[in-house]
Asks: 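My structure is below; once you've seen it, I'll send some questions.
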Amino acid sequence: MITSERSKVRYKSHKHCYKSSIMSLKTFSCRALFKFVNHCLVPLSKPLSARDAVAVVIGPSSARGYYNNTGKPRCPVSGGAAHVRVVDLRSDTVTKPGSAMRQAMAEAEVGDDVMSEDPSVNELQKIAADMFGMEAALFVPSGTMSNLIAVMVHCRERGDEMIVGDLSHLHIYEQGGSAQLAGVHATIVTTLTDGSFDLEQLESKIRHGYPDPHYPRSRLICVENTHNIQGGRVLPLTFLQEVRALADRYGLSVHMDGARVMNAAVAQGVPPSNILQHTHTVSVCLSKGLGAPVGTMLAGPQDFISRAVRCRKALGGGMRQAGILAAAGKLSLLKMVGRLEEDHHNAKTFAQALLDCDPPLFAVDMAAVETNILRFRLQETSLSPSEFCARMSEVGEGEEAALGQGIQVLMYPHFENSVRAVWHLGISPEDTQLAIQKMQFVASQFLKDKVRAQ
C-alpha cells in the first residue's frame with residue numbers, strides 16, 4: 001500500500017514536472033535542458049545524451065517555414081569533441097550587444113515614450129530622421145510592426161491595395177498582417193534576381209478604375225532593400241528612381257522595407273539618404289547587422305509619423321521607458337554602420353571558398369554576393385541542402401583529429417533548393433576561416449561516403 005502511494009506521488013510529481021518543462025522550455029540552455037530531463041522527466045537507469053534529452057521534450061524536429069528548415073541546429077553533444085567552436089550563420093538577428101552597448105543601455109536617461117517624454121528615444125528618432133533624410137522618425141519594436149504601420153498609414157481605407165514583390169519579406173514572412181489586421185489587399189509583381197521588378201509589369205498592376213466598385217484602389221508600392229530571399233541584393237539607384245517617377249505619375253506612395261538598407265548604403269558607398277530620397281517612407285532594422293537587441297526605425301514625412309504614432313499604439317507597440325533600448329539603437333546608427341563592410345568581405349571570402357572547393361559541390365554567383373547574405377546551391381543531387389546543413393552543424397567522426405577541434409556551422413536550407421548563410425558582427429574573419437575548414441571537411445567526407453557506397 002505504501003509503495004503504491006509512493007508511486008502515485010512520484011507519478012504526479014513527474015507529471016507536474018513535465019507540464020512545467022513544456023511551459024518554460026524556451027528558457028533552457030542546452031546544458032540545463034540536458035540535466036533537467038535526466039533528473040526529472042526520465043528517471044532511467046541510463047542517462048540520456050543531450051540530443052536525446054532535447055528530443056524527449058521537443059519531440060521530432062519540426063519544420064520552420066521561414067528558412068525551409070527541417071529542424072533547429074543541434075546543440076553540442078555531451079561527451080563529444082572536447083573542443084567545439086560554433087559559427088552561427090543562421091541570421092544577423094542572432095547578434096548580441098557588446099559591453100559598450102550594454103553600458104549605454106544601463107546609463108540611458110529615460111522617460112515615458114508614450115507621452116513623448118523619453119529623451120533617449122527622442123534623440124534616437126532625430127538621429128535617424130537626419131541620417132535618412134526624412135522629416136521625422138518613430139522607434140518601433142520590430143520590423144514587422146513597422147512595415148504594417150506603414151501600410152496602415154499609406155492605405156487609409158479598408159480595401160485599398162498595395163503592390164509588392166512576390167518574394168518580398170512583407171508578402172511572405174509577415175503573416176499577411178496587411179490583410180489580416182489592416183484590411184489591405186496585396187497584388188504582386190515578379191521579383192527579379194536582383195530584387196527589382198519589371199517596370200512595365202509594375203505599371204500594369206496599378207488600378208485605374210477607382211471609384212468603380214469592382215476594384216480596390218492602388219495606394220502603395222513596396223520595395224525591399226537589401227533583398228532577403230534573393231541573397232542580400234542591393235537595389236540599383238536607377239531602379240528606385242524609376243519606381244518613384246512611376247509612383248508620382250499615378251499618385252502612389254513608395255515604402256521601402258529597408259531592414260538592411262544600411263548594408264545597401266555601405267555596398268554602394270553612398271549615404272542612406274541618397275537611397276531613400278526615392279521613397280516616401282522607410283523601415284530600418286536596428287537589431288540585425290547593426291547589433292541592437294531590439295527595435296526598428298520608421299521614417300517619413302511629419303504628418304505620416306504623426307499618424308504612425310496612433311497605429312503603433314493600436315498595435316500594442318507603445319513602450320514606456322524605452323530609452324534603455326533606444327540607447328542601443330543610437331550606438332547602432334552612430335558606431336556600427338561602418339563595420340558592415342567586414343561582414344560583406346567575410347561573406348565573399350566564404351563564397352569564393354565554395355567555388356574553389358574540391359570536389360566542386362557548390363554553385364555560387366559571385367556577382368550576386370553584394371552584402372552579408374549568401375545563397376548558394378549544391379550541384380550534387382545526392383546531397384540535399386537539408387543534409388548539407390545537418391552535416392555542417394554536427395561534429396563528424398574524425399573531425400577533431402583532422403581539424404584540431406570540432407566545428408559546428410549553423411545555417412539553414414532556403415528557397416529553391418539553396419542554402420542561406422548570413423554574416424554579422426558576431427562572426428570574425430577567423431570564424432569565417434573555421435567555417436571554410438568545416439565546409440571542406442564535409443565535402444571530403446561526403447565524397448568518401450559516396451565512393452564507399454558505389
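Heads up: numbering here begins at 1 and tracks the sequence. Computed from a prediction, not measured in an experiment: that's the story for all the values here.
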Asks: Given the rule in the side-chain contact (heavy atoms from CB on, under 4.5 Å) test, do M256 and S283 qualify, once you have shown the distances and angles that lead to the verdict?
Replies: CA-CA 6 Å; M256 178 180 287; S283 172; over 6 Å; no
Asks: Are any side-chain N or O atoms of T296 and backbone N or O atoms of S146, one a donor and one an acceptor, separated by less than 3.5 Å?
Replies: no
Asks: May I ask you to decide if the ring planes of H255 and H154 are parallel, tilted or perpendicular, using 30° and 60° as cut-offs?
Replies: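 Taking H154 first and then H255, their aromatic rings sit tilted (interplane angle of 30° to 60°).
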Asks: Output the distance between atom CZ (F139) and atom CG (L286), rounded to the nearest 0.5 Å.
Replies: 6.0 Å
Asks: Looking only at the side chains, is there a donor atom on one of H424 and T95 sitting less than 3.5 Å from an acceptor on the other?
Replies: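 Result is no, nothing qualifies.
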Asks: Test of understanding: with salt bridge (charged side-chain N to carboxylate O under 4.0 Å, His left out), list the residues that count as partners of K450, not counting sequence neighbours.
Replies: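 Listed in chain order: E380.
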Asks: If you measure from the Lys or Arg side-chain nitrogens to the Asp or Glu carboxylate oxygens, is any gap between R375 and D365 under 4.0 Å?
Replies: no
Asks: Is the shortest heavy-atom distance from the side chain of F304 to the side chain of H280 under 4.5 Å?
Replies: no
Asks: Taking CZ in R339 as the centre, count heavy atoms belonging to other residues, nucleotides or ligands within less than 6.0 Å. Is the count above 12?
Replies: yes
Asks: To the nearest 0.5 Å, how far apart are CE in M297 and CE in M131?
Replies: 10.5 Å
Asks: Looking only at heavy atoms, which two atoms of N225 and A264 are closest? And how far apart?
Replies: OD1-CB, 3.7 Å
Asks: How would you list, by chain and number, every residue that makes a salt bridge (charged side-chain N to carboxylate O under 4.0 Å, His left out) with K96, sequence neighbours excluded?
Replies: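 Partners of K96 by the salt bridge (charged side-chain N to carboxylate O under 4.0 Å, His left out) criterion come out as none, since no residue qualifies.
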Asks: Would one find more than 12 heavy atoms of other residues, nucleotides or ligands at under 6.0 Å from atom CD of Q201?
Replies: yes
Asks: Where the side chain of Q445 meets the backbone of G396, is there a donor-acceptor pair that is under 3.5 Å apart?
Replies: no
Asks: To the nearest 0.5 Å, what is the distance between CD1 on I163 and OG1 on T187?
Replies: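 Rounded to the nearest 0.5 Å, the CD1-OG1 separation comes to 6.5 Å.
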Asks: So, H208 versus Y250, ring centres under 6.0 angstrom or not?
Replies: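 Yes.
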Asks: Less than 4.5 Å apart, side chain to side chain, heavy atoms only: is that true for W423 and D92?
Replies: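 Not in contact.
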Asks: Identify the two heavy atoms, one from R233 and one from A367, that lie closest to each other, and give their separation to 0.1 Å.
Replies: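 Result for this residue pair: NH2-O, 4.3 Å.
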Asks: Between E107 and Q103, is there a side-chain donor-acceptor contact under 3.5 Å, judged purely by atom types and distance?
Replies: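 Yes, side-chain donor-acceptor contact under 3.5 Å.
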Asks: Does D160 pair with R217 as a salt bridge, N-O distance under 4.0 Å?
Replies: no
Asks: Is the number of heavy atoms from other residues, nucleotides or ligands within 6.0 Å of CD (Q321) greater than 12?
Replies: yes
Asks: Between the side chains of K438 and E394, is the shortest nitrogen-to-carboxylate-oxygen separation below 4.0 Å, so that they form an ion pair?
Replies: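 Between K438 and E394 there is no salt bridge, as every charged N stays at least 4.0 Å from the carboxylate O atoms.
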Asks: Would you mind checking if R260 and E224 are paired as a salt bridge, meaning a charged N to carboxylate O distance below 4.0 Å?
Replies: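 Looking at E224 and R260, the cut-off is not met.
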Asks: Side chains of S428 and D431 only: does a donor on one sit below 3.5 Å from an acceptor on the other?
Replies: yes
Asks: Walk me through whether R90 and M411 qualify under side-chain contact (heavy atoms from CB on, under 4.5 Å).
Replies: CA-CA 4 Å; R90 290 174 297 169; M411 53 183 72; 5.6 Å; no
Asks: Relative to each other, are the rings of F376 and F350 parallel, tilted or perpendicular (30° and 60° limits)?
Replies: tilted
Asks: Can you confirm whether more than 12 heavy atoms, excluding those of E109, are under 6.0 Å from its CD atom?
Replies: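 Incorrect, the count does not exceed 12.
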Asks: With no hydrogens and no angle check, is any side-chain donor or acceptor of S168 less than 3.5 Å from a backbone partner on G165?
Replies: yes
Asks: Do the side chain of E135 and the main chain of P301 share a donor and acceptor less than 3.5 angstrom apart?
Replies: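 Judged by distance alone, no pair lies under 3.5 Å.
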Asks: Supply the atom-to-atom distance L170 CG to S178 OG, rounded to the nearest 0.5 angstrom.
Replies: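 The distance works out to 5.0 Å.
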Asks: Determine, stepwise, if the pair L138 / Q125 fulfils side-chain contact (heavy atoms from CB on, under 4.5 Å).
Replies: CA-CA 6 Å; L138 182 67; Q125 291 172 165; 3.7 Å; yes
Asks: Can you find a heavy atom in the side chain of V364 that is under 4.5 Å from one in the side chain of V369?
Replies: yes
Asks: Counting only heavy atoms not in E200 (residues, nucleotides, ligands), do more than 12 fall under 6.0 Å from its CD?
Replies: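 Atom CD in E200 is not packed in, count stays at 12 or less.
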Asks: If every non-hydrogen atom of S196 is compared with every non-hydrogen atom of L235, which pair is closest and at what distance?
Replies: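 Closest approach of S196 to L235, heavy atoms only: N-CD2, 3.7 Å.
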Asks: Please examine the side chains of V87 and Q408, heavy atoms only from C-beta on, and report whether any two atoms are closer than 4.5 Å.
Replies: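 They are not in contact (no side-chain heavy atoms under 4.5 Å apart), so the answer is no.
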Asks: Decide yes or no for V409 and M439: does some side-chain heavy atom of the first lie under 4.5 Å from some side-chain heavy atom of the second?
Replies: no
Asks: So for atom CD, which belongs to Q180, do other residues, nucleotides or ligands contribute more than 12 heavy atoms lying within a distance under 6.0 Å?
Replies: yes
Asks: Tell me whether E161 is salt-bridged to R207, with the criterion being a basic N under 4.0 Å from an acidic carboxylate O.
Replies: yes
Asks: Check M101 against L290 and note the closest heavy-atom contact, atom names and distance.
Replies: CE-O, 4.3 Å
Asks: Kindly give the heavy-atom pair with the smallest separation between A267 and T371, and that separation in Å.
Replies: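 Residues A267 and T371, closest heavy atoms: CB-CG2, 3.9 Å.
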Asks: Would you compute the distance between atom OG1 of T279 and atom CG of D257 and round it to the nearest 0.5 angstrom?
Replies: 11.5 Å
Asks: Do I373 and N228 come close enough that some side-chain heavy atom pair is under 4.5 Å?
Replies: yes
Asks: Given 3.5 Å as the limit, does a donor-acceptor pair link the side chain of R85 with the main chain of L434, or not?
Replies: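 Checked: no pair found.
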Asks: Are any of the side-chain heavy atoms of V189 and D166 separated by less than 4.5 Å?
Replies: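 No, every pair of side-chain atoms sits at 4.5 Å or beyond.
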Asks: Please report the shortest heavy-atom distance between C285 and K288, naming the atom on each side.
Replies: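 That closest heavy-atom pairing would be SG-NZ, 3.5 Å.
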Asks: Do L237 and Q268 make a side-chain contact, defined as non-hydrogen atoms from C-beta onward lying under 4.5 Å apart?
Replies: yes
Asks: Is R249 paired with E203 through a side-chain N to carboxylate O contact shorter than 4.0 Å?
Replies: yes
Asks: Would you check if the side chain of E370 reaches a backbone N or O of V234 as a donor-acceptor pair within less than 3.5 Å?
Replies: yes
Asks: Can you tell me how far the CG atom of L378 sits from the CG atom of L361, to the nearest 0.5 Å?
Replies: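 The distance works out to 7.0 Å.
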Asks: Given D113 and R320, is the side-chain contact (heavy atoms from CB on, under 4.5 Å) satisfied, shown in steps?
Replies: CA-CA 5 Å; D113 181 48; R320 298 295 177 176; over 6 Å; no
Asks: Aromatic ring centroids of F441 and F446 under 6.0 Å?
Replies: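 No, the ring centres sit 6.0 Å or more apart.
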Asks: I'd like to know if the side chain of D118 reaches the main chain of G323, judged simply by a donor and an acceptor atom lying under 3.5 Å from each other, with no hydrogens or angles considered.
Replies: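 Indeed, once roles are kept as given, a pair shorter than 3.5 Å links the two residues.
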Asks: Under 3.5 Å, is there a donor-acceptor pair linking the side chains of N147 and E174?
Replies: yes
Asks: Check L410, V422, I427 against L89 for a side-chain contact (heavy atoms from CB on, under 4.5 Å) and give me the one that passes.
Replies: I427
